[in-house]
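Structure first, commentary second.
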Amino acid sequence: MRVVLIGAPGSGKGTQGVVLAEWLSVPYLSTGDLLRDQAADGTPLGRRVAPYLDQGELVPDDLIFDVVRDRLKALEARGGYVLDGFPRTVSQAEEADESMPGGLADVVVYLSLPDDVARERLRHREEGRTDDADEETIEHRLRVFHSETEPVVDYYRSRGILRSVDGDRPPEEVTAAVLAAIN
Ligand code: AMP
């Protein structure tokens with residue numbers, strides 16, 4: 001099964017994605033983790049993307065496609081995937097849907113979360129992420145989510161493969177709801 005997880009920063013995509021991938025026995029891919037690793041390692045790609053990550057801006061689509069194109073094909077050959085953080089814009093979704101046979105996803109799970117709960121969670125996140133460090137960057141990421149990524153929710157809703165799950169609950173309850181939603 002090929003699953004895409006969409007949600008505001010702080011909505012629990014990473015936590016849920018890992019559990020879901022294990023449950024489905026498919027690989028989990030977080031574009032945010034991947035980009036952060038590249039940035040931390042100082043690779044050529046990492047040096048190009050680091051300023052976007054730090055400012056809470058989206059990395060340009062062509063760079064993202066360089067990163068995910070081959071990986072998606074390889075993962076699909078392993079029977080599916082759980083994607084966390086991709087696609088982030090309607091143009092990414094459209095391009096990915098065209099490039100993958102049968103589209104990018106069988107089901108898209110949207111973890112909904114009120115902004116103030118997202119703010120509160122991001123302020124207390126313990127990973128020491130530089131893009132969680134200050135209020136202004138957190139606000140910017142929420143704005144980017146609403147303007148760029150929420151339209152992706154509507155895009156998949158209109159394709160009939162969207163499942164919405166209330167993310168404002170304890171993680172185990174969200175997991176149960178996610179599993180129910182994909183079955
Ligand atoms: P995340 O861990 O999913 O919150 O992603 C962290 C950061 O990585 C984002 O704020 C963006 O700068 C970048 N990023 C991750 N995925 C994408 C994507 N699909 N398109 C553009 N930028 C992305």
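Numbering of residues begins at 1 and proceeds along the displayed sequence. Whatever order the structure lists them in is the order used to number ligands and atoms, beginning at 1.
Looking at atom 13 (C) of ligand 1, its nearest protein heavy atom turns out to be Leu53 CD2, 3.5 Å. Nearest protein heavy-atom contact of atom 5 (O) of ligand 1 is Arg88 NH2, 3.2 Å. Of the protein's heavy atoms, Gly85 O, 2.8 Å lies nearest to atom 19 (N) of ligand 1. For atom 14 (N) of ligand 1, the closest non-hydrogen atom on the protein side is Leu35 CD1, 3.5 Å. When only non-hydrogen protein atoms are considered, atom 11 (C) of ligand 1 lies nearest to Glu57 O, 3.5 Å. The shortest contact between atom 16 (N) of ligand 1 and any protein heavy atom is with Thr31 OG1, 2.8 Å.
Contacts of Arg36 with ligand 1, taken as heavy-atom pairs under 4.0 Å, involve the side chain alone. By the criterion of a heavy-atom distance under 4.0 Å, both the backbone and the side chain of Leu58 are placed next to ligand 1. With a 4.0 Å cut-off on non-hydrogen atoms, Val59 touches ligand 1 through its backbone as well as its side chain.
Below 3.5 Å of separation, one finds an N or O of Gln92 facing an N or O of ligand 1.
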Identify every side-chain donor-acceptor pair in residues 171-183 under 3.5 Å, counting partners at least two apart or on other chains, and give the distances.
residue : atom : partner : partner atom : Å
Thr175  : OG1  : Gln16   : OE1          : 2.7
Thr175  : OG1  : Gln16   : NE2          : 3.4
Thr175  : OG1  : Pro171  : O            : 3.0
Asn183  : ND2  : Leu179  : O            : 3.1

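In this structure, Arg119 places its CZ atom where more than 12 heavy-atom neighbours from other residues, nucleotides or ligands lie under 6.0 Å away. The number of heavy atoms from other shown groups lying within 6.0 Å of OH (Tyr52) does not exceed 12.
With sequence neighbours excluded, the residues satisfying ring-ring contact (aromatic ring centres under 6.0 Å, His included) with Phe65 are Phe86.
Under a 4.0 Å N-O distance rule, the pair Lys73/Asp70 does not qualify as a salt bridge. Look at Glu135 and Arg123 and you find a salt bridge, because one of the NZ, NE, NH1 or NH2 atoms lies within 4.0 Å of a carboxylate O, short of that distance.
Between the side chains of Thr43 and Gln38, a donor-acceptor pair is found at a separation under 3.5 Å.
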